[in-house]
Amino acid sequence: MSIRPLQAKTPPPSSIEDARFAHESEEEFARLLDFYGVHWQYEPRTFPLKHDADDGRVLEAFSPDFYLPDLDLYIELTTLKQGLVTDKHRKIRALRELYPGTNIKLLYKRDYLTLLAKYGIGMVDEQERLAPGEVLISSSQIERRLNELGAQITRDYAGREPLLIGVLKGVTCFMADLMRHIALPVHIDFMTISSYEGDRSGAVRILQDLSENILGRDVIIIEDIVDTGMTLQHLVKMLQARQPASVSVCALLDKRARRLVETPIDYVGFEIPDEFVVGYGLDYRQRFRNLPFVATLRPEAQIEPNGPADE
Ligand code: IMP
């Protein structure tokens, strides 16, 4: 018996107006994808997982919530707690075995809440005060890494005058420190882009554009952190359209585990685990940017009275 996913008979919904979402969180997720210009389809395919041995009837099937055609990626959103998804895990495992090469990612409730919380959307209990917890990267670790990154960029761009483009506001500390470690005549410029605000639809907008013309220039995008990769992908596309000679990307932090959209990063400061972090430019609801280290965020009640100590 040939095993193929079943296509929906009508074209699958690919806009908020057309889709009938089973859950509010799916609609919110679709809005987020729209915002970053990532095309999606809602439940376009059903993957039969078990057939009746006698008559071939489908006994069990799985329809992932989203398909992102440009990335050839299925996404299943689960609002269940991480420990309660054993059955989904089993189905996804079966799907991967039966349909090799199918790219599917499960987003847990926790992933989803952090995704929204980072845009300041009220998923974090207002009663629960958050504060910097454990120091993940100390200021001396940052300093050492800046030396290495600066040397690498200096080598790679020898004889050229790269234009460093920082994306505000999170990049401030990193940009200011990194450029002092590059032994080349660099130019700098900044850009502010809107971030997702939940209730509004629409797309990424440039709130403050570059002051320099980048046509024919060697551009290095400097980012604080790459998480899902959606911001970066959008930005790279936007800048490529202005026909620079080259575009590369340097990010202080890379949260690999949470990537939804693949965009190459040429220079990475640190790969970090799937944790929400603050400090050294990064904020939580505009706070903690001025910490000289990168720390995780914890409910205040769980933190030692003296707070985190740098090494
Ligand atoms: P992405 O589009 O999901 O890759 O998100 C990138 C942007 O989200 C970054 O430029 C940050 O402004 C913000 N962000 C992502 N993760 C964190 C975090 O752990 N702490 C603070 N801001 C974050």
Side-chain angles (χ1 to χ4, degrees), residues 28-38 40 68 70-71 73 75 77 105 107 110-121 123-124 130-137 142 164-175 178 190-198 203-208 220-239 249-265 267-291 293-298 308:
E28 186 80 58
F29 185 65
R31 284 189 200 285
L32 183 66
L33 295 172
D34 276 353
F35 185 80
Y36 287 101
V38 179
W40 55 268
L68 312 185
D70 298 340
L71 312 165
L73 171 68
I75 291 185
L77 218 61
K105 203 163 193 160
L107 278 193
R110 176 176 175 275
D111 297 326
Y112 181 67
L113 294 184
T114 4
L115 200 62
L116 293 183
K118 95 178 177 198
Y119 300 108
I121 298 168
M123 300 314 245
V124 174
L130 297 176
E134 170 206 354
V135 174
L136 209 56
I137 309 168
I142 296 176
L164 310 183
I165 295 184
V167 188
L168 293 172
K169 302 174 187 170
V171 82
T172 41
C173 297
F174 183 43
M175 179 83 151
L178 178 69
F190 294 94
M191 187 166 205
T192 313
I193 54 178
S194 62
S195 85
Y196 181 68
E197 286 176 30
V204 181
R205 279 173 304 123
I206 300 177
L207 299 179
Q208 184 196 308
I220 310 180
I221 300 175
I222 314 290
E223 267 278 24
D224 52 355
I225 181 165
V226 182
D227 184 10
T228 64
M230 291 198 282
T231 312
L232 182 61
Q233 192 203 41
H234 197 87
L235 195 69
V236 170
K237 267 197 209 153
M238 211 148 70
L239 295 182
V249 177
C250 173
L252 174 70
L253 305 174
D254 182 3
K255 236 192 258 181
R256 278 253 99 232
R258 286 172 37 92
R259 200 73 92 253
L260 290 180
V261 174
E262 274 313 324
T263 308
I265 310 178
Y267 307 95
V268 175
F270 302 89
E271 198 170 304
I272 60 162
D274 181 6
E275 289 264 9
F276 194 86
V277 293
V278 292
Y280 197 64
L282 287 111
D283 73 309
Y284 175 66
R285 298 189 171 180
Q286 300 304 326
R287 294 170 67 207
F288 314 124
R289 290 194 197 276
N290 56 332
L291 297 174
F293 46 77
V294 175
T296 57
L297 203 59
R298 290 273 178 271

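Atoms within a ligand are numbered from 1 in the order they appear, just like the ligands themselves. As the structure is a prediction and not an experimental result, all values here were calculated from the model.
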- request: Could you tell me which atoms of ligand 1, counted from 1 in the order shown, lie closer than 4.0 angstrom to a heavy atom of Glu223?
  value: 10 (O)
- prompt: Do the non-hydrogen side-chain atoms of Lys169 and Asp283 ever get within less than 4.5 Å of each other?
  reply: no
task: State whether the side chain of Arg259 and the backbone N or O of Asp227 hold a donor-acceptor pair below 3.5 Å, judged by distance alone.
output: yes
message: So for Leu232, does at least one of its heavy atoms come nearer than 4.0 angstrom to any atom of ligand 1?
response: no
query: Are Asp34 and Trp40 close enough, and set up right, to give a side chain to side chain contact (heavy atoms under 4.5 Å, CB included), and what steps lead you there?
result: CA-CA 8 Å; Asp34 276 353; Trp40 55 268; 2.8 Å; yes
- prompt: Counting each atom of ligand 1 from 1 as listed, which ones have a heavy atom of Asp283 under 4.0 Å away?
  reply: 21 (C)
field: Sub-3.5 Å N/O-N/O distance, Gly229 and ligand 1
entry: yes
query: Does any non-hydrogen side-chain atom of Val278 lie less than 4.5 Å from one of Arg287?
result: no
- request: Would you mind listing which atoms of ligand 1 come within a distance below 4.0 Å of any non-hydrogen atom of Thr231?
  value: 1 (P), 2 (O), 5 (O), 6 (C)
query: What atoms of ligand 1 come closer than 4.0 angstrom to any heavy atom of Leu282?
result: 20 (N), 21 (C), 22 (N)
query: Looking only at non-hydrogen atoms, which of Lys255, Arg258, Arg285 approaches atom 17 (C) of ligand 1 most closely?
result: Lys255
task: Measure the distances from the heavy atoms of Ile225 to every atom of ligand 1 and state whether one is below 4.0 angstrom.
output: yes
- prompt: Do Phe270 and Val294 have side chains that get closer than 4.5 Å, going by heavy atoms?
  reply: no
query: Just distances here: any N/O of Tyr36 and N/O of ligand 1 closer than 3.5 Å?
result: no
task: Without swapping roles, check the side chain of Thr192 against the backbone of Leu168 for a donor-acceptor pair under 3.5 Å.
output: no
task: Using a 4.5 Å cut-off on heavy atoms from C-beta on, say whether the side chain of Leu297 contacts that of Phe288.
output: yes
